[in-house]
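Keep in mind it's a predicted model, so treat the numbers as computed, not measured. Below, chain A is the first sequence line, B the second, and so on; all start at residue 1. Atoms considered below: every heavy atom in the structure, side chains included; atoms not considered: hydrogens, waters and symmetry mates.
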Number of protein chains: 2
Amino acid sequence: MANLKQIAAELSLSVTTVSRALKDGPEVQPSTIARVKEAAKRVGYLPNHHGRALKTGRTQTLTAVLPMETRDHLSDLLKLPLIEGMTLAARQAGYSLSIYSTTPDDDPVESVQRQLQARSADGLVITRLVSADPRVKLLLDKRMPFVAFGRTDMDIAYPYVDVDNEQIAYEATRRLMDKGCRRIALQLLVPEDQASAMRLSGYGRAMAEAGIPIDPSLIGHGMFTMESSAGWFDRLLASSDPPTGLACANELGLLGALHALGKRGLTPGRDVHIVTRDSTRLARFLPAKIGVHSVDMAGVGRKLIEVLESRIINPLGPVETVLVQGRFEPAE
Amino acid sequence: MANLKQIAAELSLSVTTVSRALKDGPEVQPSTIARVKEAAKRVGYLPNHHGRALKTGRTQTLTAVLPMETRDHLSDLLKLPLIEGMTLAARQAGYSLSIYSTTPDDDPVESVQRQLQARSADGLVITRLVSADPRVKLLLDKRMPFVAFGRTDMDIAYPYVDVDNEQIAYEATRRLMDKGCRRIALQLLVPEDQASAMRLSGYGRAMAEAGIPIDPSLIGHGMFTMESSAGWFDRLLASSDPPTGLACANELGLLGALHALGKRGLTPGRDVHIVTRDSTRLARFLPAKIGVHSVDMAGVGRKLIEVLESRIINPLGPVETVLVQGRFEPAE
DNA sequence: GCTGACCGCCATAACGTTACCGAATTCGAC
DNA sequence: GTCGAATTCGGTAACGTTATGGCGGTCAGC
């Protein structure tokens, strides 16, 4: 409703001067700036987002592309603190955050293409990277500021924030070994997923150090729902040589595994040792002996926005990369 | 990059004609429409969001104001399917969804004021309504299309989607009674919260029907974290006349309660009967006997967007209100 | 053959903002 | 007293889109 023209008319100034005064332009007399700001406050002026965006080409919005693992909205719970961390940080930096959820039916590359063409965001957050993720090259080519949550194994420099999945998986495996486990099961998401690859790598490193050969049948893929985790772990428990330790992919994987254990009357921490990621602090509240490590996902969200923002401000600056460590609960 | 002017120049048409052709304007020859559309596809034309918004006053974005219960990102988990349901429905309707997270420090009314002044959204989703919510009147006055997730007890017509908390709490309480419980504890969020008020009402109705007087000491407020729930329930269990049944506020409340039970070596389903809401399907996977009922939060999200959309299209149309029922797991 | 209706298209203006250039005034310096 | 520089402001144009009035041409009706 209130716009520059109205303020200008009221103060007998030009629109240009009002615009400049509101951003403390050096070409405007201090007394005029004060008058303009007072009037702007009085009429409740807020700059029109679209007028500004049209003129400057910058939109003051960021878009996060977040994949849903399944069609029926059973997503990894750590997304919630991630979203909340991102929106708060974005707001603080003067941006608004748009969420673009994609289903497994959506092509990830096409989703990014859409965002590129619509150019309605100043920057993009992409997640769930795969080993040779074509989106990275695409966004770099098109010079669209972005930050990745996750890494690729490509030999290109690009800004990312990632969790040190390799180290986390290594430590998780070591913890299970400390409990005496030698047959250790590992939950992963999709094999192409870089985070899963890193976790497998950390798992492999710990196993190699201990001189334990890796049994592929103990490694489960597609563990993003409680159902798949429960079914998979149930089959493992029924095998002739069941695992004595388990490293879960996330809270959902944990709950599925607990379900399978409960069905068989087994007790976690006694019959099978379990370590899980727990960014929602859910696992540590369960009345069961479970080793937990957590990653501050809200912090990751904030960091993502920070990196993205500095990328937007200075697209040619140094490429920031952040590697976030997990925090393990002290072993009892 | 590609805009109407380029297409017009390429086809030796006017910008006006191209614009009309792309929306199948009746004033344009069918053959011209075909030519324009072909060219648009070829150059990868997508309408500039801000140019259109500036001209038409409509932005094609919706904003959902979502409060975080605590400062440290431990929010009610049902928000995740809610967000996913909303973004998908919004995308399908041609809108993008912006998330505006608020902390407990933010004033809810001021948050809405901000959105109003910035007028960068065509519609608003507000949540966590209180009994006499000033936001409803404010938005109605300013003629900003909105939909509420939750209700007030004000005597004004406004569009909302709500969960039938009264009925759910009634049924939950009845279930606990069927198990033989008479001392039934109830978890609520903030007392001003309308959802909590409804749950208290349904609880009261069931108790009255059974002729059981209500013991205020069994009703806990502020149960949005696992910690608060655990502490509260632990104190209840330590009392001289501990509860034998518990109706949890949500998954977090449940986990807190389970924690308190576990600490004392008590077993849910035997020592204390528990019923909980479970929109993430988390509770039913726990290896514990817990009665669960769920609300399809993704469906609620979709419904919210549907109602909001029809509100935007026809602001003077009938006020849609939707009451979503919970679904109880069959009692064993 | 003239009128009027209609079809298909164009030119212009406007949404609110900012970038750019230019103009008016003041002031100090010589 | 003249000149140039600095200060302070205004006018114009442009971002990409759509709404509006209008304009030439065709065609049916009388």
Side-chain angles (χ1 to χ4, degrees), chain A residues 1-40 43-61 94-96 116-122 312-313, chain B residues 1-37 39-40 43-61 94-96 116-122 313:
Chain A
M1 332 267 171
N3 56 13
L4 290 182
K5 202 193 283 185
Q6 287 176 24
I7 299 179
E10 192 173 335
L11 300 178
S12 301
L13 286 172
S14 77
V15 176
T16 306
T17 304
V18 174
S19 169
R20 282 201 273 240
L22 288 175
K23 47 177 69 65
D24 287 312
E27 316 104 314
V28 185
Q29 215 175 342
S31 64
T32 310
I33 292 187
R35 276 172 61 216
V36 169
K37 286 196 171 174
E38 189 275 329
V43 301
Y45 171 79
L46 272 187
N48 182 295
H49 180 232
H50 299 102
R52 177 178 284 177
L54 188 57
K55 180 61 188 169
T56 63
R58 287 178 303 118
T59 68
Q60 296 301 111
T61 65
Y95 291 88
S96 66
L116 271 172
Q117 295 193 320
R119 59 200 170 295
S120 53
D122 290 342
I312 291 171
I313 292 173
Chain B
M1 330 263 171
N3 56 12
L4 290 184
K5 204 193 282 185
Q6 287 176 25
I7 299 180
E10 191 173 335
L11 300 179
S12 300
L13 286 172
S14 77
V15 176
T16 306
T17 304
V18 174
S19 169
R20 282 204 271 239
L22 287 175
K23 47 176 69 65
D24 286 312
E27 316 101 316
V28 186
Q29 215 176 343
S31 64
T32 310
I33 293 187
R35 278 172 59 217
V36 168
K37 286 196 172 174
V43 300
Y45 171 78
L46 271 186
N48 182 295
H49 179 236
H50 302 287
R52 177 177 284 178
L54 189 56
K55 180 61 188 172
T56 62
R58 288 178 304 116
T59 68
Q60 296 301 110
T61 67
Y95 291 87
S96 66
L116 270 171
Q117 296 194 320
R119 59 200 170 294
S120 52
D122 290 340
I313 292 174

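The separation between L4(A) atom CG and dC9(D) atom P is 16 Å, rounded to whole Å. Going from atom OH of Y45(B) over to atom C1' of dG16(D) covers 8 Å, rounded to whole Å. In this structure, R58(B) atom CZ and dT17(D) atom C1' are separated by 12 Å, rounded to whole Å. The distance between atom CG of L46(A) and atom P of dT17(C), rounded to the nearest whole Å, is 10 Å. Atoms NE2 (H50(B)) and P (dG16(C)) sit 16 Å apart, rounded to a whole Å.
Between K23(B) and dT17(D) there is no side-chain N or O to OP1 or OP2 distance below 4.0 Å. Residue R52(B) places at least one side-chain N or O closer than 4.0 Å to OP1 or OP2 of dT18(D).
Closest non-hydrogen pair, P47(B) versus R52(B), comes out as CB-NH2, 3.5 Å. For the residue pair L4(B) and S19(B), the shortest heavy atom distance occurs at CD1-CB, 3.7 Å.
Scored by the salt bridge (charged side-chain N to carboxylate O under 4.0 Å, His left out) test, R20(A) finds E27(A) as partners (sequence neighbours excluded). Listed by chain and number, the residues in a salt bridge (charged side-chain N to carboxylate O under 4.0 Å, His left out) with K37(A) are D24(A) (sequence neighbours excluded). For T17(B), the side-chain contact (heavy atoms from CB on, under 4.5 Å) criterion is met by L13(B), S14(B), V28(B), T32(B), not counting sequence neighbours. Residues forming a side chain to side chain donor-acceptor pair (under 3.5 Å) with Q29(B) (at least two apart in sequence, or on another chain): none.
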One character per nucleotide, please: for nucleotides 8-15 of chain C, 5' to 3', B when the base has a protein heavy atom closer than 4.0 Å, S when only the sugar-phosphate does, - otherwise. BBBBB-BB
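Summary of helix geometry: the two end axes of the helix from dG1(C)-dC30(D) to dC30(C)-dG1(D), each defined by five base pairs via their C1' atoms, are inclined to each other by 60° (rounded to 10°).
Ring pair H50(A)/H50(B) is tilted by interplanar angle, where 30° to 60° counts as tilted.
Here OG1 of T56(A) is found 7.5 Å from CG of D122(A). Values are rounded to the nearest 0.5 Å.
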